[in-house]
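Single-structure report; data block below.
Quick note: residue numbers are just sequence positions, from 1. Hydrogens, waters and symmetry mates are skipped; everything else that's a heavy atom, side chains included, is used.
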Amino acid sequence: MSLGSARAMAAPSASFESALMRTNSVTNSAVSREMLIVESDNVMDSIDDSSPIARQLANETRRRERLVGRELPKPQKTRIFTVSNQKGGVGKTTTTVNIAAALASAGLNVLVIDIDPQGNASTALGIEHHADVDSIYDVLINDLPLGDVVAACPDIPNLICAPATIHLAGAEIELVSLVAREQRLRRAIDVYAKEREKNGEGRLDFIFIDCPPSLGLLTVNAFCAASEVLIPIQCEYYALEGLSQLLKNIEMIQKHLNAELVVSTILLTMYDGRTNLAAQVASEVRHHFPNQVLSAVVPRSVRISEAPSYQQTVMTYDPSSSGALSYMEAAAEIAER
């Protein structure tokens, strides 16, 4: 099956509530635990909650019920998040695209800026990002207007993306000789906001900048453009080691380049409730950052991992999964802060 035909088989999400309640049809008898859907209170009443699976189903049903009909508030001004962690593989891109998709599904205007040369966020949102496409590289290096490179996500209304291409791999070196090299992304965003206002387009409610796992000039540009930092933390020991260094780098940015930058949000990802280590890491992070850590926790999920291969977020690939539910909860929590 081609990627195009596979994508066509998955229906797009129309709204936050429909994304929450829609269930995918099951085409074979082997139903995964994540795909089990509880459709009514009567079904829940008939389930013996003495088994772990039944308890999980009951818990997920209660969480879904709390989200049904919930309207997310629009922020008073555009909130710009840099999603960053120097450690790779912690769920930066996954967190970026899924929270953006959840907020857009709720009717908010959301922009994702992909400044990772790998272009994984662009892939997950179904945006073309081959070498011939105008991208965020042209914005940073050639002063192309941001409005000329953004593209609409085909599956989710209100969600647009400025894609990354392989050209970004050399952008670190090219930025060194440019004037105001740390502020180029910030200026591009400011100009784009004024263009939208002039053209009568709706104000952007959220901007998420997906960063590479390093502190080069691309990430510095993201820190200078943002007012908030969202840090995904994998619930494993090595994640804690990298966190302290990341916070030192953010402090340096605050001191010299962007005094308004704050670490506002920390999201625990790849949580495995069966292990003591995950619980210990979560407890440790919550102890040190009680005001920043979200209550929502993203579990390890096969469905989250599968979604990018269909050029989708988990919000449209399998909105009934536990991973989609967790990201919807995280998005609601961010919007209401």
Side-chain angles (χ1 to χ4, degrees), residues 75 77-86 92-93 96 100 109-119 121-122 127 129 131 133-151 160-199 201 203-231 245-264:
K77 63 177 183 178
T78 303
R79 295 178 65 184
I80 306 177
F81 285 84
T82 287
V83 185
S84 180
N85 194 324
Q86 287 168 257
K92 290 188 300 297
T93 297
T96 299
N109 293 319
V110 184
L111 166 64
V112 172
I113 299 177
D114 188 0
I115 62 169
D116 186 344
Q118 297 176 88
S122 306
I127 307 297
H129 58 103
V133 172
D134 288 335
S135 70
I136 199 66
Y137 168 85
D138 300 286
V139 174
L140 296 174
I141 306 299
N142 300 324
D143 293 320
L144 192 68
L146 184 58
D148 289 357
V149 305
V150 295
I160 57 178
C161 174
T165 62
I166 192 61
H167 297 307
L168 272 179
E172 300 274 3
I173 298 173
E174 294 179 75
L175 280 168
V176 171
S177 61
L178 298 181
V179 176
R181 58 192 182 189
E182 301 93 352
Q183 306 289 339
R184 297 181 73 82
L185 180 58
R186 180 172 190 165
R187 290 208 313 272
I189 292 173
D190 289 343
V191 171
Y192 179 55
K194 292 176 182 176
E195 286 179 354
R196 287 180 66 93
E197 183 178 0
K198 180 180 178 181
N199 296 334
E201 299 177 74
R203 187 200 67 190
L204 290 171
D205 297 305
F206 288 89
I207 298 175
F208 292 93
I209 307 172
D210 184 37
C211 297
S214 64
L215 190 70
L217 279 172
L218 290 174
T219 303
V220 170
N221 262 270
F223 281 141
C224 290
S227 55
E228 302 180 57
V229 181
L230 191 166
I231 305 176
Q245 184 59 48
L246 174 62
L247 294 175
K248 289 179 182 177
N249 291 332
I250 292 173
E251 184 179 350
M252 181 178 65
I253 297 293
Q254 292 169 328
K255 186 179 297 183
H256 299 288
L257 294 169
N258 185 4
E260 299 177 357
L261 188 67
V262 295
V263 178
S264 66

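- In plain terms, the two heavy atoms of I136 and L168 that are nearest each other are CG2-CD1, 3.5 Å.
- The shortest distance between side-chain heavy atoms of L178 and L140 does not fall below 4.5 Å.
- Panel note: side chain S122, backbone A164; a donor-acceptor pair is recorded below 3.5 Å.
- Relative orientation of the Y137 and H167 rings is tilted, given thresholds of 30° and 60° on the angle between their planes.
- Using modelled atom types, one side-chain atom of N221 and one backbone atom of L185 make a donor-acceptor pair closer than 3.5 Å.
- Atom CD1 of I250 is separated from atom CD of Q245 by 10.5 Å, given to the nearest 0.5 angstrom.
- For the atom pair CG of L261 and CD1 of I253, the computed distance is 7.5 Å after rounding to the nearest 0.5 Å.
- Contact record, I141 with R184: O-NH2, 3.9 Å, taken as the closest heavy-atom pair.
- Panel note: side chain T82, backbone I209; no donor-acceptor pair is recorded below 3.5 Å.
- Remark: side-chain polar atoms of N199 are not paired, donor with acceptor, to backbone N or O of E201 under 3.5 angstrom.
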Worked verdict on I115 versus C211 for side chain to side chain contact (heavy atoms under 4.5 Å, CB included): CA-CA 6 Å; I115 62 169; C211 297; 4.1 Å; yes
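- Counting non-hydrogen atoms of other residues, nucleotides and ligands closer than 6.0 Å to CD of E197 gives a total of 12 or fewer.
- Using modelled atom types, one side-chain atom of Q86 and one backbone atom of L246 make a donor-acceptor pair closer than 3.5 Å.
- In terms of modelled atom types and a separation under 3.5 Å, the side chain of E228 and the main chain of F81 share no donor-acceptor contact.
- Residues I189 and I113 have side chains in contact (heavy-atom distance under 4.5 Å, counting atoms from C-beta outward).
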Steps toward side chain to side chain contact (heavy atoms under 4.5 Å, CB included) verdict (T96, D114): CA-CA 9 Å; T96 299; D114 188 0; over 6 Å; no
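- Smallest separation of non-hydrogen atoms from A226 and N258: O-ND2, 2.7 Å.
- Between I80 and L204, the closest side-chain pair of non-hydrogen atoms is not below 4.5 Å.
- In this structure, CD1 in I160 is found 3.5 Å from OH in Y192, a value given to the nearest 0.5 Å.
- Around the CD atom of E251, the shell of radius 6.0 Å holds no more than 12 heavy atoms that belong to other residues, nucleotides or ligands.
- Between S84 and F223, the shortest heavy-atom contact is OG-CZ, 3.6 Å.
- Between V149 and V139, the shortest heavy-atom contact is CG2-CG2, 3.8 Å.
- In this structure, the separation between OG on S264 and CZ on R79 is 6.0 Å, given to the nearest 0.5 Å.
- Considering every non-hydrogen atom in both A121 and T93, the closest pair reads N-CG2, 3.4 Å.
- Side-chain atoms of V133 and I127, non-hydrogen and from C-beta on, never get closer than 4.5 Å to each other.
- No donor-acceptor distance shorter than 3.5 angstrom exists from the side chain of N109 to the backbone of D205, with no hydrogens or angles considered.
- For the pair R186 (side chain) and C224 (backbone), a donor-acceptor distance under 3.5 Å is present.
- Side-chain atoms of D138 do not come within 3.5 Å of backbone N or O of L144 as any donor-acceptor pair.
- Taken from CD in E172 to CG in L217, the straight-line distance is 5.5 Å, to the nearest 0.5 Å.
- Between the side chain of N85 and the backbone N or O of K92, no donor-acceptor pair lies under 3.5 Å.
- For the pair R196 and L111, the minimum side-chain heavy-atom distance is 4.5 Å or more.
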